[in-house]
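Convention: sequence-line order gives letters A, B, ...; per-chain numbering from 1. None of these values were measured; they are calculated from a predicted model.
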Number of protein chains: 2
Amino acid sequence: MSDPLNLVFGALADPNRRQVIGYLSERGTATATELTGELPMTRQAVAKHLATLAGAGLVESERRGRETRYRLTETGAEWDDRLDALVRHLRRRRV
Amino acid sequence: MSDPLNLVFGALADPNRRQVIGYLSERGTATATELTGELPMTRQAVAKHLATLAGAGLVESERRGRETRYRLTETGAEWDDRLDALVRHLRRRRV
DNA sequence: ATTGTATGCAACCGACAGGTTGCATGTTAC
DNA sequence: GTAACATGCAACCTGTCGGTTGCATACAAT
């Protein structure tokens, strides 16, 4: 499944990953451990989601000292905007 | 998984289903049996994909005589446009 | 009425995704 | 140097997804 389209849509298909994108959009940057406090799952699960998002090019990571901070890539930020627009669109149509 | 966002992204995550959307966009309407000729899978598999797309509100069906014809909904057509735009966008960025 | 075509339904199967636990490793603080 | 913290890695479990086969049903044509 190396087609970028598959990777992007596959990454966005999971609601938890979309929420991670939302969190990163709000806060700019976060670690897997920090995000664990916001989601009902273990740190390792969050780390897997971040790896999936990174594989799709929506998120990038940088190791600083003992922690790894994640942030949205430009593409990821664009998708966050698209998602917001889509939600507004669906609300408008009352779907 | 009843959130419309999940349904839409889940439906679009599969490349075969995106291809079905493309075919329906070109031809306007098709039956499961017709689409089977274009995809490397059985009619029942195609029918399942169409059911998934219908569940996400991207496709609608109408039974006429002994065949069931499928066409894109307005939402589905919009998504076909968004996909085209996305592909062009990715190409432009050489991703 | 019988035959061919199109669909629908259900059971089944292999693969993978999401999640967990357990442990090893690296890094900071004291 | 030792304790605490953050991460990474691997094995494992379970449910779902994409796909198949087999069969029953509905409609059309002759």
task = Using the test salt bridge (charged side-chain N to carboxylate O under 4.0 Å, His left out), find all partners of B:R66 that sit at least two apart in sequence or belong to another chain.
result =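 So B:R66 forms no salt bridge (charged side-chain N to carboxylate O under 4.0 Å, His left out) with any residue.
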inquiry  = Quick check against the 3.5 Å criterion: does B:R18 have a side-chain atom that pairs as donor or acceptor with the backbone of B:L12?
reply    =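 Yes, because the side chain of B:R18 sits within donor-acceptor range (under 3.5 Å) of the backbone of B:L12.
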task = Check whether any side-chain heavy atom of A:R17 sits under 4.5 Å from a side-chain heavy atom of A:H49, and report yes or no.
result =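 Yes, close enough: below the 4.5 Å cut-off.
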ask   = Taking it one step at a time, do B:R27 and B:E34 satisfy salt bridge (charged side-chain N to carboxylate O under 4.0 Å, His left out)?
value = CA-CA 11 Å; B:R27 313 184 182 185; B:E34 288 168 10; over 6 Å; no
task = Would you check if there is a donor-acceptor pair between the side chains of B:R69 and B:T31 at a distance under 3.5 Å?
result =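 No, no side-chain donor-acceptor pair sits under 3.5 Å.
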query = Which residues within residues 55-64 of chain A lie with some heavy atom under 4.0 Å of an atom in DNA chain C?
reply = none
inquiry  = With rounding to the nearest 0.5 angstrom, report the CG to CD1 distance, A:D80 to A:I21.
reply    =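 That separation rounds to 7.0 Å.
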query = On DNA chain C, nearest-nucleotide positions of A:E67 versus A:T52: which is more 5'?
reply =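 Result: A:T52.
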Comparing B:R66 and B:R69 on DNA chain C - which has the more 5′ nearest nucleotide = B:R66
Taking atom [atom2] of [N] as reference, at what distance in whole Å does atom [atom1] of [X] sit?
X     : N      : atom1 : atom2 : value
A:L50 : D:dA6  : CG    : P     : 16 Å
A:F9  : C:dA17 : CZ    : P     : 18 Å
B:L53 : D:dC17 : CG    : C1'   : 14 Å
B:L7  : D:dC17 : CG    : C1'   : 14 Å

Please list, pair by pair, any protein nitrogen or oxygen found under 3.5 Å from a nitrogen or oxygen in nucleotides 19-22 of chain C.
residue, atom, partner, partner atom, Å
C:dG19, OP1, A:N16, ND2, 3.1
C:dG19, OP2, A:H49, NE2, 2.2
C:dG19, N7, A:K48, NZ, 2.9
C:dG19, O6, A:K48, NZ, 2.4
C:dT20, OP2, A:T42, N, 2.8
C:dT20, OP2, A:T42, OG1, 2.8
C:dG22, O6, A:Q44, NE2, 3.0

task = Return no unless some side-chain N or O of A:T68 is found under 4.0 Å from OP1 or OP2 of D:dG8.
result =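 Checking A:T68 against D:dG8: at least one side-chain N or O falls below 4.0 Å of OP1 or OP2.
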Audit row: A:V46, A:Y70, side chain to side chain contact (heavy atoms under 4.5 Å, CB included) steps and yes/no = CA-CA 12 Å; A:V46 175; A:Y70 292 84; over 6 Å; no
inquiry  = Using 30° and 60° as the class boundaries, would you call the ring planes of A:F9 and B:F9 parallel, tilted or perpendicular?
reply    = tilted
